[in-house]
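Accompanying notes for the structure given below.
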Amino acid sequence: MSKEFWIIEIHKKKNIKDVFGQDTKKSIEEIGISEIDEVKVSNLYKIEAKTDKKNIERIAKELFIDNVSDNFSIYKKTRTKKGFWIVEIFLKEGVTDPVGETARKTIIESKILNDVVVKTGKKYYIKGKINQKQIKEICEKILANTLIHNYFILKKRT
Amino acid sequence: MKPKVLILRVAGTNCDFETEWAFALAGAFAEKVHINQIIRREKKVSDYQILVIPGGFSYGDDIAAGKVLANQIKLKLWEEIEKFISQKKVIVGICNGFQVLAKSGILPFNSKQLITLEWNDSGRFEDRWVYLKVEENVSPFFKGLPEIIRMPVAHAEGKFLPQNNKVLNEIERNKQIVLRYCDKEGNLTGYPYNPNGSIRNIAGICSKDGLIIGMMPHPERAILKYHYPDFLKNEEKEEFTPSFKIFKNMVKYFS
Amino acid sequence: MNYVREIDILNADEKELIEISEKNLLSLDIEEMKKIKEYFLSIGRNPTDCELECIAQTWSEHCYHKTFKANIQYIEKNGKKIEKFNICLLREIMEVTEKLNYPWCISVFKDNAGIIKINEKYGAAFKVETHNHPSALEPYGGAGTGIGGVIRDILGVGLGAKPILNTDIFCFGPLDFPYEKLPEGVLHPKRIFRGVVSGVRDYGNRMGIPTANGAIIFDDRYVYNCLVYCGCVGIIPVNKIEKKVNDGDLIVVIGGRTGRDGIHGATFSSASLKENIPTSVVQIGNPIVEKKFQDVLLVARDLNLYNSITDCGAGGFSSAIGEMGKDIGAVVYLEKVPLKYEGLLPWEIFLSESQERMVLAVPEKKVEKLINFFASEDVEATVIGKFVKTGKLTVYYKNKLVCDIDIHFLHKGIPKKNLRGFFERKREKPVNFKSKNIKEDILKVLSSPIISSKEEVIRQYDHEVGGRTILKPFVGYESRGVSDGVVLKPFYETYEGLIISCGINPFYGEIDPYYMAGCCIEECIRNIVSCGGNPEKIAILDNFCWGNISDERELGNLIRCVKGCKDYALKYRIPFISGKDSLNNYFKRKDGKIISIPGTLLISGIGIIEDVRKICSTDFKKEGNIIFVLGKTFNELGSSQFYRVNRIKGGIVPKPRPEKTLSLMKKIHIGIKNQLIKSCHDCSDGGLITTICEMMIGGNLGCKIDFSNVLTEEKEIEIVLFSESCGRFVVEIEKEKLNEFEKLFKNEELSQIGEVIEEKELIGFWANKKLFKIPLELIYRSWTSLNF
């Protein structure tokens, strides 16, 4: 088996307040982009290992999520979402990722995998009447610092 | 007998010194023990009467507050903890410790995870003094306390949240709620009196037998009257606070 | 693979030497490059990349403080009078401490932090650092690693002190700065602000150290260069202050691994910010790594497992090992250094500024025990070399010699700089600006960004972890009031206390940096005294952040400020125990225009008291109590907050009066100790009226004041309310203690101005005539109106 990437996305259950989504929405409005209906934020864990999806699921379920407040999904390629712009942000190569390191250690300690690299990221779902230029502005002024982050924009599916 | 208190340390624990001091002052023999010492079998949990998981940021609170330590307890210390509980010994989780007890399922029923401590409604870490209503509860450690007491909270993830109403009602019915956030008069009101948006203002709970305690506020930071933010105005007579009495009660329980 | 590059300087002419410096981001000037060439000519070979980098780091402004050590020709013009003399800035500051020669200043200007004695067994260490450039580029990471760095300074002072308090002081651009005016590559002040606050919060809170004192200043000139000061206080047993590397001690690195991060940090932070910056200079910290070794380190200290320690900060191993081995010599084997990832060149390993690392000198027979001890709590400790009496810094990588330079040359070879500074005193003239609406102006001052409440920020810091915080940042009713400082009870077993506060006001420097220095020193002492501190048991730290000091006028301003520091510290009889400077905080715009920060001096102070139970807070305590102003008010509205909110330039800057104020402060100390004074708050930014409003907010009580009773040079309402004259305090006294109070303050300047009332309003009179009435609710709302 060769090394593969999976992404575990952890998001709040529907009835749980997404405090970071609300904060981000406020920040976007402060830079003068007011046509925002909703922002949702998920945590991403990019898992690099020789394994299968079942183990990745175990990692998410047994080690990462909070049974009361979180849901998760696993994917390899980000899919678009109807009505939402999607932005994914990861730290650049070589930038310290303390959470990724802790996640790696807890996976190894659990013995689910014995060789793994974890990188953490954030995923933003942004709903509203905005264009490509504005979404780029949001990324550079609020969500990412291009000195240390890479960001990817996925166009809104209509 | 002087009870032995094990104050569990891991990477990121940071309220261990003041917790040790509070227990020592209350008459216990308190000892800070690193989790590795237990895993390496240099120390045994069973040699102690009280196990404390103190405040801090265990493993940086990475992934979620207390989550990694909860995983570790389930993976590595489970047998010892189960035995400790079955012997009717005492477990206390303060702040980060409460998060660990909730996420490992030890509270409220020692089963799978049924409650959590979510991000504060403000989305931020906040340090502030709160009023707490001492509820009628099954725990022996809150006896003889005034109806309303004060201590600080200092956390980012402290919003008490049950999985569903069934869990919540059961905890209430069992008198497992020990502390609720309130205002000066004891009314259960909103922010900032309820600093994090906790459901039904719940600040601390206990197990069915009252011997396992989990609370977000920090009694160990409110031991002396000089800890009160307004001690210069309200000239309290007692040198020690009601919060200190909680530690006293635990020590007394074993003597 | 060829790991080592030889750099040809032996054949380089002056132009080429400068090119080499620029191309390699060395920030060395021509005199320095020539000196390096001279050295290598004398040993008959070219330097390696590692050697050149190592010298550049050691000689950088950040590490060596060349400007403060330089020989400066200073010209001061005052009208027609011209003074001319030579000055060394570091000498000026150190002279204060030498002259005062207090026995309780037990380690000053030689270690990572200054240390004063608390009692026979323990000392308190204090250090304040800046992390400006990294915070401007990556606010979260920059501020976090700033606090992480200063904590390591405390862990590395003597044989290691236990950190018990963090302080932070920030200067930012206005939060409502227009986006369209921001040059490309400059982050908006709001973003910097939020990132910096989160960075300090997440790092400090995770370290389990309370953050409980600070200040935030806003001004347009900080848009391009924000200032982030991070301080840390620690306690250390007095028998752990001496450290000494012995011949044969092993070099052990503990904590985090080494990566490419932070390379060129020291040289970078000594230069100005331009519009293009390399990525490698910014980094994210990992507080838990630091927390882990902090826990073990202090136990290892008490087991005497090592002889010396220092932190790995700017300049990385090059700086840490070079400094520790400067009287001996060292051999380092870089292939032994644990790396985050492969592919680093030897010079990168040696110069990397990866966070959370410290270097220890460990006797060979204890090294196994030490390594096992650290490993028991999952902290990596690795032997990477040895201190040996060779007089050289020798570095190998996989048996290849990559650096072999004379330690003496490295530390003493730097050519002394000769600089020139010029200062011209402005003629200060009163402006006599009249308020159109006093009530409105009061509320305007209260809601100005500098005066208004920073509660939203401060609450995000854990300010009482450790259970040592007695006087907290918030006091009084619902903890709404503000403190002048923080009082800590460092030991659980005793009631001894430390009081920490600061003084900063860059605006006074626009008129005269000399008086700015005096005002900052006095403000810091005043704050400590009004919490109950003893003015004879306070030590201070200086932190100068300045703009483009290659400009003779800006350097002149700095010299004038240092002179003020010296003169006033001597007059208040307060010693400096540590200090730091961060120069070249300026931004070069695309059009070539240089924008400097205003010269900013931060004075941080630490006071020692016998009993934390006998302190004082700023909140009014009880209706019926009498309110006094201690000290005299002058027409000193220059650069005041009142003038700033009304956009008035000029005026007269406050002039401290040390003799008067020192005598007053000694009596305040007695008054608080005897619990005669119920509340006490000093007057500073925003004037007397701000002080009174803050005391009302904290007390949730009103007051009735006749402002015409305030002892003043000129009986004008604007002066009485808003002047920022030094040496003034507002105190609250119980009626039955009036005689005792007046007896204590006999011969002092004092005026009885009113009383505390139950009605929640401020009622202002002038010669018995009612001037205004402002509800407390409105005062509170204005004061908390700043939107972060």
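What you are looking at is a predicted structure, and each value in this text was computed from that prediction instead of being measured. Here is the naming used below: chain letters follow the sequence lines, and residue numbers restart at 1 for every chain.
- Heavy atoms closer than 4.5 Å to chain B are found nowhere in C:Phe293, neither backbone nor side chain.
- Between C:Arg206 and B:Asn14, the shortest heavy-atom contact is O-ND2, 3.9 Å.
- Between chain B and the options C:Lys678, C:Lys292, C:His463, heavy-atom pairs under 4.5 Å are most frequent for C:His463.
- In this structure, C:Lys291 forms no cation-pi arrangement with B:Phe57, as its terminal cationic atom is not both closer than 6.0 Å to the ring centre and no more than 45° off the ring axis.
- Counting heavy atoms from C-beta outward, B:Val10 and C:Glu377 have side chains that stay 4.5 Å or more apart.
- Between C:Asp619 and B:Lys233 no salt bridge is recorded (no basic side-chain N to carboxylate O distance below 4.0 Å).
- Looking at C:Lys472, the atoms closer than 4.5 Å to chain B (heavy atoms on both sides) all sit in the side chain, from C-beta outward.
- Between the side chains of B:Tyr193 and C:Glu478, a donor-acceptor pair is found at a separation under 3.5 Å.
- Within the 4.5 angstrom heavy-atom criterion, atoms from both the backbone and the side chain of C:Asp378 approach chain B.
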- request: List the steps and the verdict of side-chain contact (heavy atoms from CB on, under 4.5 Å) for C:Val465 and B:His218.
  value: CA-CA 9 Å; C:Val465 55; B:His218 287 275; over 6 Å; no
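- Neither the backbone nor the side chain of C:Val379 comes within less than 4.5 Å of any heavy atom of chain B.
- By the 4.5 Å heavy-atom criterion applied to side chains, B:Leu232 and C:Ile615 are counted as neighbours.
- Residue contact with chain C, scored on non-hydrogen atoms closer than 4.5 Å, involves the side chain of B:Phe231 exclusively.
- In this structure, no portion of B:Lys225 lies under 4.5 Å from any heavy atom of chain C.
- Note: B:Trp21 and C:Tyr492 have parallel aromatic rings, judged against thresholds of 30 and 60 degrees for the angle between ring planes.
- Looking at C:Asn205, both its backbone and its side chain come within 4.5 Å of chain B, counting heavy atoms on both sides.
- Between the C:Arg459 side chain and the B:Asp127 main chain, a donor and an acceptor come within less than 3.5 Å of each other.
- Looking at C:Tyr495, only its side chain comes within 4.5 Å of chain B, counting heavy atoms on both sides.
- Distance alone, capped at 3.5 Å, is enough to place a donor-acceptor pair between the B:Arg40 side chain and the C:Ser376 backbone.
- With contacts defined as side-chain heavy-atom distances shorter than 4.5 Å, the pair B:Tyr59/C:Ile288 does not qualify.
- Interface remark: B:Thr13 contributes backbone atoms only to the contact with chain C (heavy atom separation under 4.5 Å).
- Of all residues in residues 65-75 of chain B, none places a non-hydrogen atom less than 4.5 angstrom from a non-hydrogen atom of chain C.
- For C:Lys162, the part sitting under 4.5 Å from any heavy atom of chain B is the side chain, from C-beta outward, and nothing else.
- With a 4.5 angstrom heavy-atom cutoff, B:His227 touches chain C via backbone and side-chain atoms both.
- Between B:Arg124 and C:Glu456 there is a salt bridge, with a side-chain nitrogen of the basic residue lying less than 4.0 Å from a carboxylate oxygen of the acidic one.
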